[in-house]
*Asks:* 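Next up is a structure, given as structure tokens.
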Amino acid sequence: MTLKTILSVGAAALALGSLSSAPAQTPGKVDFEAKILPIFKDRCFECHQKEYTDAKTGKVKKPKGKFRMDNPELLMKSGENGPNVVASDAEKSNVYKSTTLPDSDDNAMPPKGDRLTKEQQDLIKQWIAEGANVGAWKGAEK
Ligand code: HEC
């Protein structure tokens with residue numbers, strides 16, 4: 001290869017590179033089942049799902065705060081502390097707000113383990129702001 005070809009191949013690669021480096025995070029709707037449900041499953045379901053018997057301890061686990069997040073209708077229901085999910089209004093939605101509270105706050109969720117990352121909190125916020133749509137998700141029986 002001559003120096004000239006090397007240079008022009010390089011320039012072409014640069015041009016391609018700048019084309020594909022368009023915004024990494026294209027603004028778009030947050031896909032509930034792809035982005036939000038995994039967070040809920042990982043960090044919330046342990047305490048907020050239909051009553052179950054813990055396989056290890058044999059203890060019956062009831063949903064904490066009588067709040068279930070494993071069914072779309074129950075997830076959207078209001079509880080003792082106010083609305084859990086207000087479509088399009090994250091600031092009024094406890095499912096979002098509780099994750100942003102400091103550890104020292106009694107209402108901070110999840111109450112044990114690490115706080116959700118800022119990225120996870122923001123995803124939940126965006127999902128609610130966009131209307132809290134769960135798509136085709138059916139969840140568990142009521
Ligand atoms: C280790 C158990 C545990 C985990 C994990 C947990 N919670 Fe909770 N949650 C509780 C308890 C206990 C209450 C009831 C607190 C009360 O009534 O004062 C509660 C209450 C709530 C409430 C208020 C419900 C209502 O109707 O008033 C919301 C909202 C909530 N949790 C959201 C979440 C979210 C979101 C996650 C995951 C990011 C989560 N929780 C994870 C234990 C947990």
Side-chain angles (χ1 to χ4, degrees), residues 1 3 5-142:
M1 243 194 262
L3 182 59
T5 21
I6 291 173
L7 283 178
S8 57
V9 166
L14 269 179
L16 270 178
S18 57
L19 270 182
S20 58
S21 69
Q25 276 198 321
T26 20
K29 293 227 168 195
V30 175
D31 180 333
F32 177 78
E33 285 192 68
K35 299 282 185 194
I36 305 297
L37 192 56
I39 304 173
F40 287 175
K41 274 190 176 153
D42 193 34
R43 304 303 312 276
C44 317
F45 274 26
E46 175 192 347
C47 299
H48 294 294
Q49 63 171 308
K50 192 178 177 135
E51 181 178 305
Y52 69 101
T53 307
D54 188 299
K56 274 190 224 144
T57 62
K59 272 194 190 157
V60 175
K61 296 256 202 174
K62 288 198 183 354
K64 298 283 191 298
K66 300 201 184 83
F67 177 43
R68 278 181 54 188
M69 301 175 64
D70 60 339
N71 171 283
E73 242 178 88
L74 299 176
L75 171 64
M76 304 296 165
K77 254 173 77 170
S78 287
E80 286 161 12
N81 299 312
N84 290 315
V85 178
V86 181
S88 307
D89 197 342
E91 299 303 332
K92 290 210 176 88
S93 304
N94 282 335
V95 160
Y96 165 67
K97 271 197 319 192
S98 62
T99 67
T100 65
L101 297 171
D103 244 344
S104 54
D105 195 305
D106 280 349
N107 292 321
M109 292 291 148
K112 63 175 192 188
D114 293 335
R115 316 289 321 128
L116 294 190
T117 64
K118 177 80 169 67
E119 202 185 1
Q120 291 174 320
Q121 295 173 17
D122 287 348
L123 270 173
I124 296 173
K125 186 181 189 180
Q126 192 188 339
W127 167 67
I128 294 175
E130 289 170 349
N133 203 316
V134 299
W137 181 60
K138 296 272 184 296
E141 277 180 11
K142 278 211 271 177

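As the structure lists them, so they are numbered: ligands from 1, and atoms in each ligand from 1.
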*Asks:* Backbone N or O of Met109 within a donor-acceptor pair of the Arg115 side chain at under 3.5 Å?
*Replies:*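 Present.
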*Asks:* What residue and atom, counting heavy atoms only, is the protein's closest point to atom 29 (C) of ligand 1, and at what distance?
*Replies:*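 That would be Asn84 OD1, 3.2 Å.
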*Asks:* Could you tell me which atoms of ligand 1, counted from 1 in the order shown, lie closer than 4.0 angstrom to a heavy atom of Asn94?
*Replies:*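 Atoms satisfying the 4.0 Å criterion: 29 (C).
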*Asks:* Could you list the atoms of ligand 1 found under 4.0 angstrom from a heavy atom of Arg43?
*Replies:*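 Listed by number with element: 5 (C), 37 (C), 41 (C).
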*Asks:* Which heavy atom of Val95 sits nearest a heavy atom of Phe67, and at what distance?
*Replies:*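 Of all heavy-atom pairs spanning Val95 and Phe67, the closest is CG2-CZ, 3.8 Å.
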*Asks:* Between the side chain of Trp127 and the main-chain N/O of Asn133, is any donor-acceptor distance below 3.5 Å?
*Replies:*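 Yes; judged by distance alone, with no hydrogens or angles, the pair exists.
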*Asks:* Counting N and O atoms only, with roles assigned by atom type, does the side chain of Asn84 sit under 3.5 Å from a partner on the main chain of Lys77, one being a donor and the other an acceptor?
*Replies:*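 Checking the backbone N and O of Lys77 against the side chain of Asn84, a donor-acceptor pair under 3.5 Å is found.
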*Asks:* Which atoms of ligand 1 sit under 4.0 Å from any heavy atom of Met69?
*Replies:*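 Answer for ligand 1: 34 (C), 35 (C).
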*Asks:* Tell me which protein heavy atom sits closest to atom 3 (C) of ligand 1, plus the residue, atom name and distance to 0.1 Å.
*Replies:*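 Checked against all protein heavy atoms, atom 3 (C) of ligand 1 sits closest to Cys47 SG, 2.6 Å.
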*Asks:* Using a 4.0 Å cut-off to any heavy atom of Glu80, which atoms of ligand 1 qualify?
*Replies:*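 Those of ligand 1 that fall under 4.0 Å from Glu80 are 26 (O), 27 (O).
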*Asks:* When you measure from atom 16 (C) of ligand 1 to the protein, is at least one non-hydrogen atom found at a distance under 4.0 Å?
*Replies:*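 False for atom 16 (C) of ligand 1.
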*Asks:* How close does the nearest protein non-hydrogen atom get to atom 22 (C) of ligand 1, and which residue and atom is it?
*Replies:*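 Nearest protein contact, heavy atoms only, for atom 22 (C) of ligand 1 is Phe67 CD2, 4.0 Å.
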*Asks:* What I want to know is whether His48 and ligand 1 share at least one N or O pair that is separated by under 3.5 angstrom.
*Replies:*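 Indeed, backbone or side chain, His48 has an N or O that close.
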*Asks:* Which atom names give the shortest non-hydrogen contact between Gln49 and Pro63, and what distance separates them?
*Replies:*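 In terms of heavy atoms, the two residues are closest at O-CB, 3.4 Å.
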*Asks:* For a distance under 2.8 Å, tell me if Ser98 has an N/O/S atom near atom 8 (Fe) of ligand 1.
*Replies:*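 Given the 2.8 Å cut-off, Ser98 does not count as a ligand of atom 8 (Fe) of ligand 1.
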*Asks:* With a cut-off of 2.8 Å, does Cys44 put an N/O/S atom close enough to atom 8 (Fe) of ligand 1?
*Replies:*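 No, outside the cut-off.
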*Asks:* Of all the heavy-atom pairs spanning Gln126 and Val30, show the shortest one and how long it is.
*Replies:*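 Looking at all heavy atoms of both residues, the closest pair is CD-CG2, 3.5 Å.
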*Asks:* Nearest heavy-atom pair of Gln121 and Thr99: which atoms, and what distance?
*Replies:*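 Heavy atoms only, the tightest pair is NE2-O, 3.2 Å.
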*Asks:* Quick one: which of Lys64, Lys41, Met109 has a heavy atom closest to atom 19 (C) of ligand 1?
*Replies:*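 Checking each option, the heavy atom nearest atom 19 (C) of ligand 1 is found in Met109.
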*Asks:* Return a yes/no value for Asn81: is any of its N or O atoms, backbone included, closer than 3.5 angstrom to an N or O of ligand 1?
*Replies:*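 Asn81 vs ligand 1: N/O contact under 3.5 Å present.
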*Asks:* Fit a plane to each ring of Phe32 and Trp137, take the angle between them on a 0 to 90° scale, and name the class: parallel (under 30°), tilted (30 to 60°) or perpendicular (over 60°).
*Replies:*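 Phe32 and Trp137: tilted rings.
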*Asks:* Would you name the heavy atoms of Val86 and Ser93 that are closest together and state the gap between them?
*Replies:*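 Nearest heavy atoms, Val86 then Ser93: N-OG, 2.8 Å.
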